[in-house]
Amino acid sequence: MADKILPKDKTEGFIQALGRKFVVVAPVERKDAPAEFKEIGAGDKVILDGSQMMMPPKDYLLPRYETLLKVSTRPGEVEVQPVLPDEKPRVMLGMWLPDAQAIQVLDKVFLEGKFRDPYYAARRANTMLVAVMPAQMRWSWFCASTDDVEKWKPNVDAIMYDLGDRFYIEVTSPRGEALVEWEGLAEPSSEDVAGKDRLWEQFKSHGVLPFSDGKFYEQLAWDHPIWAEIAQKCIGCGVCSYMCPSCSCFDIQDEVCGTCVERYRCRDTCQFEDFTLMGSGHNPRPDQLPRSRQRLMHKFKYQHEQYGVVGCTGCGRCVELCPVNVDIREVLNKVCAEKEPEPAV
Ligand code: SF4
Ligand code: SF4
């Protein structure tokens, strides 16, 4: 496939050219908050080099708050109106590769199996994914510990490698060819190819932790003492799952406004007390221990059993943002170290 070079001073022209064919979604700078994925408009400052913390791209595909349907009533009449997003050709730029892989996890949840979510499906259909490989690997990444990252490449349509004053655009799917048709792009030199390969090798060897030496998803035990250790520190703020690019839980509520009812869904997390609170007042996860256990068992064990993928792609957000420094890497290292088989005598 035809790889290309995008000089950084031509980035604006490149985005404008894409905008003539697609709705362009990218991380946009915000004041005092991480960049957020949105459909870009005039005056938006787009951050394409992956160099800083950003909200996960799931915020666009699975918004934090979304109206699902509206019901209006008149005497003798009830009208139900679904509020489905438009299906339109889109390209999502600027996401870290582990975030792009996390979208594969969301696809399993929302598109495959018994239930297909029409809201997620409408945004995901015809959406191309372009990942970015930043010049510096992020200190908290441990992607190569969670999976064989070579398998991730065909799940995106292109990867933009930051080579300083230019991006190397590696086209990784046939439909990704449509992204590099702009005449402002150049052919890569052998030096460019070497630079791209160097960054890829860095990514593959970055953050490889001891627990990656085995099938760690088989080593998490329901009764492991680590859950109590996490629960002692955890304050149940939910940041780890709100910011996680693959966490997918939501709540659905109805809001009454006069003669109309609006049904919406909003993000939710297993880290909150009322997530499992039943109408009877019973809560099967009454304190933080079972909630902490659920988060990790779900990501690393249940999702693997259910879909054949690990629900964590090592993006490091929960490592960086947990206010009490619960470090998922340490947790997994501990669990796996303790479960290693005794050496033969
Ligand atoms: S569990 Fe943590 S490291 Fe893994 S994908 Fe979610 S936020 Fe990233
Ligand atoms: S971010 Fe940390 S404190 Fe907050 S719920 Fe997650 S583990 Fe607990």
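Both ligands and their constituent atoms are indexed starting at 1 by order of listing. Computation of the quantities below employed the complete heavy-atom set of this structure, encompassing side-chain atoms and omitting hydrogens, waters and symmetry-equivalent molecules.
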What's the verdict on side chain to side chain contact (heavy atoms under 4.5 Å, CB included) for K88 and N126, showing C-alpha distance, side-chain angles and the deciding distance?
-> CA-CA 7 Å; K88 44 193 179 186; N126 306 318; over 6 Å; no
If you count the non-hydrogen atoms of other residues, nucleotides and ligands that lie under 6.0 Å from CD in Q202, is the total more than 12?
-> yes
Given that the side chain starts at C-beta and the backbone is N, CA, C, O, which of these parts of Q101 lies under 4.0 Å from ligand 1, counting heavy atoms, or is it both or neither?
->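 No part of Q101 is near ligand 1 at this cut-off.
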Using the six-membered ring wherever Trp is involved, compare the ring planes of Y242 and F272 and label them parallel, tilted or perpendicular (cut-offs 30° and 60°).
-> tilted
Does C237 bring an N, O or S atom to within less than 2.8 Å of atom 8 (Fe) of ligand 2?
-> no
Step through it carefully: locate the ring centre of Y264, locate the ring centre of Y65, and say whether they are under 6.0 Å apart.
-> yes
Report the part of I235 (side chain from C-beta onward, or backbone N, CA, C, O) that has a heavy atom under 4.0 Å from ligand 2; answer both or neither where that applies.
-> both
Total protein N/O/S atoms whose distance from atom 2 (Fe) of ligand 1 is less than 2.8 Å =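 For atom 2 (Fe) of ligand 1, the figure is 1.
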Do the side chain of E87 and the main chain of R123 share a donor and acceptor less than 3.5 angstrom apart?
->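 Side chain of E87 to backbone of R123: no pair is present.
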Checking side-chain hydrogen bond (donor to acceptor under 3.5 Å, both in side chains) against Q271, which of Q288, R291, Q294 comes through?
->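 For Q271, the side-chain hydrogen bond (donor to acceptor under 3.5 Å, both in side chains) test succeeds with only one of Q288, R291, Q294, which is Q288.
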Look at D59 together with R267 and state whether they make a salt bridge at an N to O cut-off of under 4.0 Å.
-> yes
for atom 2 (Fe) of ligand 2, nearest protein heavy atom and its distance come out as C322 SG, 2.3 Å
Strictly under 6.0 Å, is that where the ring centroids of W141 and W96 end up?
-> yes
For atom 8 (Fe) of ligand 2, grab the closest protein heavy atom and report residue, atom and distance to one decimal in Å.
-> C234 SG, 2.3 Å
Ranked by distance from atom 5 (S) of ligand 1, the top protein heavy atom is T313 N, 3.4 Å
For V324, atoms of ligand 2 separated by under 4.0 Å from a heavy atom |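 Heavy-atom distances to V324 below 4.0 Å select 3 (S).
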Within the side chain of T146, is there an N or O that forms a donor-acceptor pair under 3.5 Å with the backbone of V310?
->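 Judged by distance alone, no pair lies under 3.5 Å.
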Under 4.0 Å to a heavy atom of F142 - the qualifying atoms of ligand 1, by number |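 Result: 3 (S).
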Just by distance, do the side chain of S246 and the backbone of C312 share a donor-acceptor pair under 3.5 Å?
-> no
